[in-house]
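Reviewing the structure listed below.
Naming convention: chains lettered A, B, ... in sequence-line order (proteins, then strands); numbering from 1 in each chain.
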Amino acid sequence: MAVNVSIPKGTRDFSPAEMIRRKYIFQTVEDVFRLYGYLPIETPAMENLSTLTGKYGEEGDRLIFKILNSGNYLEGISNEDIQNSSTTKLAARMCEKALRYDLTVPFARYVVQNRNEITFPFKRYQIQPVWRADRPQKGRYREFYQCDVDVIGSNSLLNEVELIQIIDAVFQQLGLNITIKLNNRKILSGIAEVIGESNKIVDIVTAIDKFEKIGKEGVIKELISKEISIDAINKLIGFFDNTFSSENKFDNFKSIVQFSSEVGILGWNEIATIFGYLTNCNIKAKVEFDPTLARGLNYYTGAILEVKANDVAMGSICGGGRYDDLTGIFGLPDVSGVGVSFGADRICDVMNELKLFPENAEISTQLLFTNHGEAEMIYALKALAEIRQAGISSELYPDNAKLKKQFSYADARKIPYVASGGSTEMQENCFTLKNMQTGAMEKKSLQEIIALLKK
RNA sequence: GAGGACGUAGCUCAGCUGGUUAGAGCAUCAGAUUGUGGUUCUGAGGGUCGUGGGUUCGAGCCCCAUUUUCCUCCCCA
């Protein structure tokens, strides 16, 4: 017996029952994407390491799974190199490939590489796994699927609106209550500008992003540790106190950025426009302005959005935003894109927790033929071909096992009907059909069975 | 990268202040029932108690190390 078999930390096997559930999510997501006119692409699991590094920040680079070069990966590396170089520098020399960390950067690479074949605006979706060398915990895996929808080559805010419609449609179909949180990078820039700490924007934003989690005191503490001036901190906290005590956060926030920051007001206007369009779209989900929302600062330039499930504690299940110059890094400047990514694994976790999956989703086979021996098997085989021709999913038990065993199999597989054809039935050219739910048995011709199951 | 908890049968777990042969439920297999599952009854198989060392007359239990999984921070889907 083989012992101690296992899979790498943070990865998972999926049983048939789990796969049915996952496919249900992927199918729902994909159907909505297609409905809105997006087309699929796929990119390789691995990219050149240089394509990925530097796109996700220092922290992100550390989380990229690198692939050791084939052959002698130590070629050209001396002992001095090993002693003197940083591990990241060494890794870059020994690994020229890496597993993709997300789908957005490979997409940007794809757009640049295929720019002459692409008609802009380009609306694409991509449903593939990504890998992160993160420490696994609740809702966090080292291999997980992202379902990305992006439109690239259009500045219109209509795209943002469309993505919100897509998010709403997907989660409505899945039966999940969600809140869409909306912010704009320009508003964050505006805030930093107004308090006179523009160059510390990243520190400021990552701190206020934790507002909900660590509270006001925690944020102040973190800002102090980042050497933000007390004066600026007081101003900043003042804004947020003011905002959150207000009935209408969004209107209130306007007064803050309005007078002293051009970028800020630009961001505010963008969100106002989006809210304006949305009133015509019959959106069911709650969409709210959240000035503390930060996310992926490394490339977002405009809208930032995030989706949280209302009824369960879980990190964000969908997120995205606008990036004005993502392809610029690959030599194609001034192409604006906006997109969101659905975290299929987390959505699956949330739906499991809320028991939102349809109960009978794993029923596939409608009818099982029992096996009674050679001649009877052939009798069933003929019927089987005919019944499959009629589009009814059915199977024949492969062994002439005890009937108890064959019926147990049907039961375990949740197969709703079992047909038995023994010598009696063969003489009468029929089958004994058993309804596994009621236990009722009745002799029926093949045509009658087909008619019954076709409904 | 920092911190915390856990690991006993295929699964979920019990196992007293350290004391004889480590238990239960579920699952599996067989029988009760030779053409009928799901309910019921009877029985069986299945364990180097995560791994390595130590303390002890004696360790599933105590100590040390190591590893796994889960959780928190960081960051994110």
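- Of the listed nucleotides (B:U36, B:G37, B:A77), B:U36 has the atom at the smallest distance from the side chain of A:Thr432.
- Taking the C1' atom of each, B:U55 and B:A14 are spaced 27 Å apart, rounded to whole Å.
- Side chains of A:Tyr141 and A:Asp349: a donor-acceptor N/O pair is present below 3.5 angstrom, by distance only.
- Between A:Asp61 atom CG and B:C75 atom P the separation is 16 Å, expressed in whole Å.
- Using a 4.5 Å heavy-atom threshold, the side chains of A:Met436 and A:Ile415 count as separate.
- For the P atoms, the distance linking B:G10 with B:C6 amounts to 23 Å, nearest Å.
- Across the protein-nucleic acid pair, A:Arg413 atom CZ and B:U36 atom P stand 23 Å apart, rounded to whole Å.
- For A:Met46, the CE atom sits in a loose shell: 12 or fewer heavy atoms of surrounding residues, nucleotides or ligands are nearer than 6.0 Å.
- Taking atom CZ of residue A:Phe342 and atom C1' of nucleotide B:A77, one finds them 11 Å apart after rounding to whole Å.
- The residue from A:Lys97, A:Arg100, A:Arg109 that alone fulfils the side chain to side chain donor-acceptor pair (under 3.5 Å) condition with A:Glu47 is A:Arg109.
- Nucleotides B:C57 and B:G52 place their C1' atoms 24 Å apart, quoted to the nearest Å.
- In this structure, A:Tyr409 reaches neither bases nor backbone, as no heavy-atom distance under 4.0 Å exists between it and the strands shown.
- Aromatic pair A:Phe289/A:Phe275: ring centres not closer than 6.0 Å.
- Out of B:A77, B:C74, B:G37, the shortest distance to the side chain of A:Gln137 is found at B:C74.
- The closest side-chain heavy-atom distance from A:Thr432 to A:Lys443 is below 4.5 Å.
- Atom P of B:U20 sits at a distance of 39 Å from the matching atom of B:G3, rounded to the whole Å.
- Heavy atoms of A:Cys318 sit under 4.0 angstrom from primed sugar atoms or phosphate atoms, though from no base atom.
- In this structure, of B:C76, B:G35, B:G37, it is B:G37 that holds the atom nearest to the side chain of A:Asp411.
- Ring centroids of A:Phe369 and A:Tyr379 are separated by 6.0 Å or more, keeping the two rings apart.
- If you check distances only, the side chain of A:Thr424 does reach the base of B:G35 with a donor-acceptor pair under 3.5 Å.
- In this structure, of B:C76, B:G37, B:A30, it is B:G37 that holds the atom nearest to the side chain of A:Ser408.
- For A:Phe33 and A:Phe342, the distance between ring centers is under 6.0 angstrom.
- Between A:Tyr110 and A:Phe122, the two ring planes are parallel [angle under 30°; tilted spans 30° to 60°].
- The separation of B:G18 from B:A59, taken at their P atoms, amounts to 13 Å, rounded to a whole angstrom.
- Rounded to whole Å, the C1' atom of B:G37 lies 39 Å from the corresponding atom of B:U48.
- Taking atom P in both B:G1 and B:C62, the straight-line distance is 30 Å, to the nearest Å.
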Do any N or O atoms of the protein come closer than 3.5 Å to N or O atoms of nucleotides 3-7 of chain B, and which pairs are they?
none

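- Across all strands, A:Gly439 comes closer than 4.0 Å to base atoms (heavy-atom distances).
- Between B:U36, B:A77, B:A30, one nucleotide has an atom nearer to the side chain of A:Ser420 than all others, and that is B:U36.
- Atom OH of A:Tyr141 is separated from atom C1' of B:C76 by 14 Å (rounded to the nearest Å).
- Position along RNA chain B of the nearest nucleotide to A:Glu425 versus A:Leu63 favours A:Glu425 as the more 5'-ward residue.
- In summary, the side chains of A:Gln126 and A:Arg124 do present a donor paired with an acceptor at a separation below 3.5 Å, with no hydrogens or angles considered.
- If you measure from atom CG of A:Asp134 to atom P of B:A77, you get 11 Å, rounded to the nearest angstrom.
- The side-chain ring of A:Phe144 is stacked on the base of B:A77, judged by centre separation under 5.5 angstrom and plane angle under 30 degrees.
- Nucleotide B:A5 forms a Watson-Crick or G-U wobble pair with B:U69, both donor-acceptor distances falling under 3.5 Å.
- Across B:C29 and B:G46, the matching C1' atoms stand 11 Å from one another, rounded to whole Å.
- Nucleic acid contact class of A:Lys405 (heavy atoms, under 4.0 Å, all strands): none.
- Both A:Ser341 and A:Lys434 lie close to RNA chain B; mapped to their nearest nucleotides by heavy-atom distance, the more 5′-ward contact belongs to A:Lys434.
- When rounded to the nearest whole Å, the span between CD of A:Gln406 and P of B:U34 equals 15 Å.
- What separates CD of A:Gln437 from C1' of B:U39 is a distance of 16 Å, to the nearest Å.
- Note: CG (A:Asp102) to C1' (B:A77) measures 10 Å, nearest angstrom.
- Residue-level contact check: A:Ser423 touches the bases, meaning some heavy atom is under 4.0 Å from a base atom.
- Of all nucleotides listed (B:G31, B:G37, B:C71), B:G37 comes nearest to the side chain of A:Phe407.
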